[in-house]
Amino acid sequence: SSMARSADISEIASDIITRRMSITMGDLQGLGMSQRFATAIDSNCALKNIMCNPADIYRKPNGVCNNLKNPMWGSSITAQPRFIPPHYGDGKNIGIIPRYLSVSGEPLPNPRHISNSVHNGGISPPRGCQFTVLLTFFGQFVDHDVISTP
Amino acid sequence: DIVSECVAEAVGLVDR
């Protein structure tokens, strides 16, 4: 519940700031503004002062203490740094609506059509002898174990 | 600072 409270505060504060300062979420996420925001919201963030035992064989189940110097890195329900700014379909870039328009403003193609086209093996689809479909599920397992982000 | 004010307002709304 403390993490949910932090998330609510962050989301609502972001909304208030962008409206009051007439800036976009992209502006707020930019350098400078993001540091001001982080400083202002710091005291309302959950999970502070994590203590790790260096003698523990494993990290915590939620990923905490995987990195002893930065105990929260890679843990569940924490923000993940991005290489590029987000571009979701909702105006606030929260991600509740997937992106549906291209940079030209035209609707993006149906992902199912792309998937079917890319993976269409024709009448004689290639068969690998090195991996089975288990590789896919193992990759998904690792992915979700690392992310665990709602 | 306007950012701090907005965060404080959000805290008030969430904790209300």
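Both the backbone and the side chain of D8(A) have a heavy atom closer than 4.5 Å to some heavy atom of chain B.
Contact annotation: the side chain of V7(B) approaches that of N44(A) to within less than 4.5 Å [non-hydrogen atoms, C-beta and beyond].
A continuous path of Ile, Leu, Val, Met, Phe, Trp and Tyr side chains, each step under 4.5 Å between heavy atoms, connects L101(A) with I96(A), placing both in one hydrophobic cluster. Cluster membership for F141(A) and F131(A), using ILVMFWY side-chain heavy atoms within less than 4.5 angstrom, is not shared. Cluster annotation: V14(B) is connected to F37(A) through the hydrophobic network of ILVMFWY side chains, with a link wherever side-chain heavy atoms come within less than 4.5 Å. Side-chain heavy atoms closer than 4.5 Å link hydrophobic residues (I, L, V, M, F, W, Y) into clusters, and following such links, possibly through other members, connects I23(A) to I2(B). Hydrophobic cluster membership is shared by M21(A) and L28(A), with clusters built from Ile, Leu, Val, Met, Phe, Trp and Tyr side chains linked at under 4.5 angstrom.
To the nearest 0.5 angstrom, S4(B) atom OG is 10.5 Å from I41(A) atom CD1. Distance SG/C6(B) to CG/D15(A): 10.0 Å, rounded to 0.5 Å. The CD atom of E5(B) lies 10.5 Å from the CD1 atom of I17(A); values are rounded to the nearest 0.5 Å.
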Could you go step by step and tell me if M33(A) and V3(B) meet the side chain to side chain contact (heavy atoms under 4.5 Å, CB included) rule?
-> CA-CA 9 Å; M33(A) 276 303 290; V3(B) 175; 4.0 Å; yes

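Among all heavy-atom pairs drawn from I16(A) and L13(B), the shortest one is CD1-CD1, 4.1 Å.
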